[in-house]
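Notes for the one structure printed next.
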Amino acid sequence: MASGNGSNFEAVVLACRNGQLAAEVALLVVNNPGCGAAGRAGRLGIPCQLHDHRSFSGRGALDQALIASFRAARVELVVMAGWMRIVTPTLIAAFPERLVNIHPSLLPSFRGLDGVGQALAAGVRLAGCTAHLVSEEVDAGRILAQAAVPVLEGDDHAGLSARIQVQEHRILPLAVELAARRLGLL
Ligand code: GAR
């Protein structure tokens with residue numbers, strides 16, 4: 001699941017293709033037409049479906065469509081790789097312990113929108129990213145993997161985000177593997 005640029009989606013695909021992750025990415029679902037993630041799926045040869053949230057009556061209806069797509073593609077584990085919508089208990093219940101999210105902060109600090117901006121505003125010297133299982137409370141599920149990234153003197157949002165993303169691309173495939181192992185899928 002992706003909403004934007006799709007660099008984390010691509011990192012998971014590449015981890016599968018280089019043998020780091022014994023898995024296959026069966027499907028990408030995006031909610032924004034023409035987003036970078038959809039372009040990457042095209043280049044990588046991964047099937048991509050658009051479920052534009054604007055064409056659904058609400059969060060529940062969108063999540064029902066997602067569940068139908070995942071079931072049709074025989075998906076065993078779902079990754080929210082920059083999915084910028086809040087998911088409902090319906091989706092979480094359909095994939096119990098099988099829904100992994102990547103968030104750009106060292107949780108439990110700086111949940112919700114713009115984890116990088118929140119870290120800069122708070123003046124912390126250590127930022128980072130967290131891959132975790134999704135629970136009903138936003139950004140509060142069981143932590144699978146984290147990486148710390150120092151905030152440098154004069155860092156701006158773009159610079160810090162870029163360094164955090166390098167670490168996201170490293171820990172997200174690792175977290176997928178850990179989640180799959182917990183479930184006995186690997
Ligand atoms: C990532 O940095 C991810 O942590 C963040 O969106 C970015 C997506 O980048 N996710 C959230 O903020 C979720 N609350 P990408 O599209 O290049 O993978």
Side-chain angles (χ1 to χ4, degrees), residues 1-17 20-21 23 25 27-44 46 48-53 59 62-63 66 77-88 91-92 95 99-122 124 126-151 155-176 178-179:
M1 299 164 64
S3 300
N5 178 26
S7 67
N8 280 284
F9 155 69
E10 181 156 350
V12 173
V13 173
L14 295 183
C16 294
R17 292 197 174 162
Q20 186 198 336
L21 197 52
V25 178
L27 175 69
L28 173 71
V29 170
V30 300
N31 64 308
N32 287 319
C35 66
R40 289 177 197 259
R43 287 197 295 282
L44 293 162
I46 305 286
C48 178
Q49 289 177 16
L50 170 67
H51 289 304
D52 188 336
H53 58 280
R59 293 187 201 282
L62 171 62
D63 282 2
L66 294 172
L77 195 141
V78 179
V79 181
M80 293 166 53
W83 181 256
M84 302 308 282
R85 312 289 307 168
I86 289 175
V87 296
T88 66
L91 180 64
I92 297 166
F95 291 92
L99 195 51
V100 175
N101 182 46
I102 183 79
H103 180 77
S105 81
L106 284 177
L107 292 174
S109 292
F110 312 131
R111 294 174 176 161
L113 279 179
D114 193 12
V116 177
Q118 291 187 60
L120 284 170
V124 296
L126 209 50
C129 49
T130 303
H132 64 95
L133 291 174
V134 176
S135 62
E136 290 193 21
E137 196 183 339
V138 174
D139 297 329
R142 172 194 281 265
I143 291 172
L144 297 167
Q146 290 185 301
V149 175
V151 181
D155 241 346
D156 62 7
H157 195 286
L160 181 56
S161 290
R163 294 203 316 286
I164 289 175
Q165 284 223 328
V166 171
Q167 296 305 316
E168 290 185 341
H169 302 160
R170 195 173 63 79
I171 69 166
L172 185 55
L174 183 67
V176 171
L178 290 171

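Remember, it's 1-based here, ligands and their atoms both numbered in the order they're listed.
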Checklist entry - Would you find a donor on one side and an acceptor on the other, under 3.5 Å apart, between the side chain of Asp139 and the backbone of Gly112? => result yes
Checklist entry - Does Ile46 offer a backbone N or O that forms a donor-acceptor pair with the side chain of Arg40 under 3.5 Å? => result no
Item to check | Nearest neighbour in protein (non-hydrogen) for atom 14 (N) of ligand 1 | outcome: His103 ND1, 3.5 Å
Item to check | Residue pairs passing the salt bridge (Lys or Arg N to Asp or Glu O under 4.0 Å) test where at least one lies in residues 101-111, sequence neighbours excluded | outcome: Arg111-Glu137
Checklist outcome for this item: shortest atom 5 (C) of ligand 1-to-protein heavy-atom contact is with Pro104 CD, 3.9 Å
Item to check | atom 10 (N) of ligand 1 - nearest protein heavy atom and its distance | outcome: Ile102 O, 3.6 Å
Checklist entry - Just going by heavy-atom distances, which of Ser7, Ser105, Gly112, Ala162 is nearest to atom 15 (P) of ligand 1? => result Ser7
Checklist entry - At a 4.0 Å cut-off, with the gap strictly under it, does some heavy atom of Gly6 reach an atom of ligand 1? => result yes
Checklist entry - Do the side chain of Gln167 and the main chain of Ala148 share a donor and acceptor less than 3.5 angstrom apart? => result no
Checklist entry - To which protein heavy atom is atom 8 (C) of ligand 1 closest, and what is the distance rounded to 0.1 Å? => result Gly82 CA, 3.7 Å
Checklist entry - Using a distance-only test with no angle check, is there a side-chain donor-acceptor pair under 3.5 angstrom linking Ser3 and Asn31? => result yes
Checklist entry - Does Met84 have a non-hydrogen atom less than 4.0 Å from ligand 1? => result yes
Next on the checklist: Just to verify, what does Ala119 make a side chain to side chain contact (heavy atoms under 4.5 Å, CB included) with, not counting sequence neighbours?
Outcome noted: Phe110, Val124, Ala127
Checklist entry - Looking at atom 9 (O) of ligand 1, what's its closest protein heavy atom, distance included? => result Gln165 NE2, 3.0 Å
Item to check | Any donor-acceptor pair under 3.5 Å from Thr130 side chain to Ser105 backbone | outcome: yes
Checklist entry - Hey, is Glu168 touching ligand 1 through its side chain, its backbone, both or neither, going by heavy atoms under 4.0 Å? => result side chain
Item to check | Asn5-ligand 1 polar pair, N/O distance under 3.5 Å | outcome: yes
